[in-house]
There are 2 protein chains.
Amino acid sequence: MSKCEQCIVRQFSSLKALGKEELLKIAECKTSYTIKKGEPVFEEGEMTNGIYCVKDGVCKLSKLSSNGKDQIVKLVKPGELLGQRSMISEEPANLSAVALEDMEVCFIPRTEIMQFFNQNNQFSMNVMKTICGDLKDADEHMVNMAQKSVKERLAGTLIYLEETFGKEADDTLRLQLSREELAGMIGTATESCIRLLSELNKNNLIELVGKRIKIIDKAKLRRLSE
Amino acid sequence: MSKCEQCIVRQFSSLKALGKEELLKIAECKTSYTIKKGEPVFEEGEMTNGIYCVKDGVCKLSKLSSNGKDQIVKLVKPGELLGQRSMISEEPANLSAVALEDMEVCFIPRTEIMQFFNQNNQFSMNVMKTICGDLKDADEHMVNMAQKSVKERLAGTLIYLEETFGKEADDTLRLQLSREELAGMIGTATESCIRLLSELNKNNLIELVGKRIKIIDKAKLRRLSE
DNA sequence: TCTAAAGTATGACAATTATCATATTTTAAT
DNA sequence: ATTAAAATATGATAATTGTCATACTTTAGA
């Protein structure tokens with residue numbers, strides 16, 4: 001059982017409002033997990049009964065649509081919390097969380113967290129602001145889905161991936177998504193996604209290095225995304 | 001200056017957690033407005049510095065997309081609060097709120113509401129749950145935009161409008177949206193929206209009574225929306 | 001009441017996107 | 001190392017959706 005005080009999640013999430021004693025309480029009741037790439041943290045419809053702290057590894061939050069395709073709603077990176085909405089709403093998870101890389105997470109039971117809501121106003125406020133940020137992002141995302149073309153969305157997503165998750169030494173995007181997952185982010189068929197990647201490649205906006213993607217002309221790509 | 005105790009907003013919103021004294025404080029500092037159909041309550045980018053209680057009349061929350069079209073993100077009905085996200089995030093409004101009918105609203109300054117967050121845990125929890133509900137809706141909405149066809153979204157929207165805002169005596173939808181606004185809800189071009197309405201009319205799923213819409217075969221419409 | 005403007009409707013056409021087929025490459029398991 | 005399965009890629013084609021033009025209808029204001 002490791003301490004929570006130096007944890008990356010504590011530094012970047014709502015938990016930064018917690019004091020030493022509160023952190024000790026968490027350290028006592030938390031459980032740590034390793035989750036392999038491709039495995040779920042939790043799945044749509046499941047009762048989570050607590051929150052997950054993402055110590056390492058990125059995961060996707062996705063929802064199965066009635067057409068059988070998986071739409072990726074959000075990517076979650078180390079330092080962030082998972083499952084806040086379900087915990088507050090006291091509802092089953094609305095989304096599935098699946099590891100895109102090997103992950104290290106800690107689970108904190110609902111009962112512990114709920115105590116902090118009553119004791120620690122700054123913590124409540126932090127959680128509220130995080131969820132408000134998610135809501136703003138979701139609204140913007142929704143407008144993009146409704147109003148932008150697939151090509152515009154692809155361009156925007158590639159820029160987002162580079163700016164959020166960075167590049168490898170060879171300049172390719174650090175976060176490895178399959179073409180199917182990339183299609184699931186922009187909301188299109190896998191073939192359409194592949195075709196547009198080829199087109200961007202031909203036009204020298206990006207370069208395809210095997211299945212990895214390198215952004216060549218970020219300015220043009222940004223203009224394309226509007 | 002009327003009392004807040006019997007107000008519809010108090011009954012249906014997060015404000016139901018407030019006690020008599022708190023309601024009196026609100027009654028003293030609130031300002032009431034009448035907003036005519038078509039006029040904004042607030043606009044994207046504006047600092048709102050408080051929340052609006054919707055006593056009467058429906059309004060649309062929309063966002064201007066880079067292609068110049070207005071995407072409707074949510075409809076807000078009497079009893080609900082407006083501007084919670086901006087107030088909590090301490091940011092300018094992300095969306096414009098425009099009256100679809102003549103409205104009656106009350107404005108409560110940010111400073112008052114923030115006090116309740118510190119004093120009244122139930123109130124905080126209510127606000128948090130409301131925003132969590134909005135986030136869940138937004139995620140679902142986003143998946144629909146990304147994965148469903150325009151026809152499916154139109155069918156779903158018509159059902160939503162009937163179930164949420166009801167029907168007139170002649171069975172037409174009570175809430176009057178222009179074709180452009182309906183297109184803005186489902187995220188399509190106005191002409192496409194009109195064309196699909198005509199098609200649903202021909203297939204006897206709906207009936208067009210002038211510019212009003214009557215749902216004829218709700219079961220088929222629901223199946224169509226999946 | 002008349003008229004201009006806005007809203008609704010429809011056709012023609014082009015652009016976008018999905019689907020199905022198939023080939024090629026990569027990955028993982030035996 | 002070999003092979004089957006999965007992922008990537010591309011072509012052909014159809015379906016969906018957007019755009020532009022135009023006509024008709026309703027609304028609001030002079």
Side-chain angles (χ1 to χ4, degrees), chain A residues 36-39 65-71 100 144-158 172-173 176-203 206-214 224-226, chain B residues 36-39 65-71 98 100 102 144-158 172-173 176-203 206-214 224-226:
Chain A
K36 289 254 168 256
K37 177 174 176 172
E39 285 178 1
S65 175
S66 49
N67 64 5
K69 285 186 187 164
D70 219 38
Q71 176 66 35
L100 291 175
N144 285 343
M145 288 299 178
Q147 298 288 349
K148 288 191 175 178
S149 69
V150 174
K151 200 190 289 185
E152 289 166 342
R153 281 177 283 165
L154 173 58
T157 300
L158 291 175
T172 58
L173 296 181
Q176 271 273 51
L177 294 176
S178 69
R179 301 294 191 252
E180 190 179 356
E181 283 166 333
L182 187 55
M185 281 197 75
I186 67 184
T188 190
T190 306
E191 297 95 321
S192 299
C193 174
I194 290 173
R195 222 179 291 277
L196 288 171
L197 283 173
S198 297
E199 190 189 317
L200 293 178
N201 188 20
K202 248 172 228 153
N203 298 342
I206 66 173
E207 188 186 328
L208 299 177
V209 185
K211 49 189 60 172
R212 293 192 150 270
I213 300 170
K214 191 189 292 186
L224 185 59
S225 81
E226 258 155 309
Chain B
K36 291 252 167 255
K37 178 175 174 171
E39 286 178 358
S65 175
S66 48
N67 64 5
K69 285 187 188 165
D70 219 37
Q71 176 67 34
V98 173
L100 291 174
D102 290 353
N144 285 343
M145 288 298 179
Q147 299 288 349
K148 288 191 175 178
S149 70
V150 174
K151 198 190 287 186
E152 290 166 341
R153 282 177 297 182
L154 172 58
T157 301
L158 292 175
T172 58
L173 297 181
Q176 271 273 51
L177 294 175
S178 69
R179 300 295 191 251
E180 191 178 355
E181 284 167 332
L182 187 56
M185 281 197 74
I186 67 184
T188 191
T190 307
E191 297 94 323
S192 299
C193 175
I194 290 172
R195 221 179 290 277
L196 288 171
L197 283 173
S198 296
E199 190 188 316
L200 293 178
N201 187 19
K202 247 172 229 153
N203 298 343
I206 66 173
E207 188 187 327
L208 299 177
V209 186
K211 50 190 60 173
R212 293 192 149 270
I213 299 170
K214 191 189 292 186
L224 184 60
S225 82
E226 260 154 309

Between C:dG7 (C1') and B:Ile213 (CD1): distance, integer Å: 13 Å
Between C1' of C:dT8 and CD of B:Glu199, the distance in whole Å: 17 Å
Of the listed nucleotides D:dT8, C:dT19, C:dA9, the one nearest the side chain of B:Leu208: C:dA9
First encountered from the 5' end of DNA chain C, between A:Glu191 and A:Lys151: A:Lys151
A:Arg212 CZ to C:dT27 P, straight-line distance once rounded to whole Å: 11 Å
Sugar-phosphate, base or nothing in reach of B:Ser198, heavy atoms under 4.0 Å: sugar-phosphate
Whole-Å gap separating P (D:dT8) and CG (A:Leu200): 16 Å
C:dG7 OP1/OP2 closer than 4.0 Å to side-chain N/O of B:Ser178: no
Spacing of A:Asn67 atom CG relative to C:dA18 atom C1', expressed in whole Å: 11 Å
Minimum-distance nucleotide (side-chain atoms of B:Lys211 versus C:dT26, C:dT19, D:dT26): D:dT26
Nearest-neighbour nucleotide for the A:Thr188 side chain, D:dT19, C:dT17, D:dG18 considered: C:dT17
Spacing of OG1 belonging to B:Thr157 relative to CD1 belonging to B:Ile186, to within rounding of 0.5 Å: 6.0 Å
Separation of atom CD in B:Gln176 from atom C1' in C:dA6, rounded to whole Å: 15 Å
d(CZ, A:Arg179; P, C:dT26) in whole Å: 12 Å
Per A:Ile194 side chain, nearest of listed nucleotides D:dT19, D:dT8, C:dT8: D:dT8
Backbone N/O of B:Ser225 and side chain of B:Lys148: donor-acceptor pair under 3.5 Å: yes
Backbone of A:Gln147 reached by a side-chain donor or acceptor of B:Asn67 within 3.5 Å: yes
Short side-chain N/O contact from A:Lys202 to OP1 or OP2 of D:dA9, under 4.0 Å: no
Straight-line distance of B:Glu226 CD to B:Glu152 CD, nearest 0.5 Å: 4.5 Å
Presence of donor-acceptor pair under 3.5 Å, side chain of B:Arg195 and base of D:dG18: no
Below 4.0 Å: OP1/OP2 of D:dT17 and any side-chain N or O of B:Lys148: no
Length of the line joining A:Leu154:CG and C:dT16:C1', which is rounded to integer Å: 14 Å
Side-chain (A:Glu207) to main-chain (A:Ile213) donor-acceptor, under 3.5 angstrom: no
Residue-phosphate contact under 4.0 Å: A:Ser149 side-chain N/O, C:dA15 OP1/OP2: no
